Amino acid sequence: FPEGPVDIKFEDLFQIKDNIRMRYPRSSTRRKFAVVAERGFVAVIAEYFVKIADDLPCEIRFFHAYQDACSWVSTQAQQEP
């Protein structure tokens with residue numbers, strides 16, 4: 001998945017979810033997926049995606065700040081043996 005801004009539409013959310021489900025490696029040890037967006041319409045779309053993606057094999061959370069997202073994702077890496 002790309003790092004950085006991505007232009008998505010509401011209709012794309014279910015396709016993105018399906019793509020993640022199909023391509024997410026079963027053996028993956030990475031279980032966290034952060035979505036970052038500034039406030040506004042894009043943030044609403046991102047928050048909705050997190051809600052519809054709650055049954056994916058990874059934990060997805062929404063953040064307004066990139067640093068907060070990085071901190072949350074890195075907590076898993078620190079806890080793994």
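Basis for what follows: all heavy atoms, side chains included, without hydrogens, waters or symmetry-related copies. Everything numeric in this text was worked out from a predicted model, so none of it was measured.
Residues meeting the salt bridge (Lys or Arg N to Asp or Glu O under 4.0 Å) test with E59, sequence neighbours left out: R61. Here D68 pairs with F63, A65 under the side-chain contact (heavy atoms from CB on, under 4.5 Å) rule; sequence neighbours left out. The ring-ring contact (aromatic ring centres under 6.0 Å, His included) test applied to F62 returns H64, not counting sequence neighbours.
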### Task
For the pair F33 and V35, evaluate side-chain contact (heavy atoms from CB on, under 4.5 Å) and give the outcome as yes or no after the intermediate values.
CA-CA 7 Å; F33 181 69; V35 178; 4.0 Å; yes

### Task
Go through the steps for D18 and Q15 under the test side-chain contact (heavy atoms from CB on, under 4.5 Å), then give the verdict.
CA-CA 5 Å; D18 290 344; Q15 183 178 3; 5.7 Å; no

N/O donor-acceptor pairs under 3.5 Å from side chains in residues 40-57, not counting sequence neighbours:
unit_1, atom_1, unit_2, atom_2, d
D55, OD1, K17, NZ, 2.9
D55, OD2, R21, NH2, 3.2

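Once rounded to the nearest 0.5 Å, the distance linking NZ of K32 with OG1 of T75 reads 2.5 Å.
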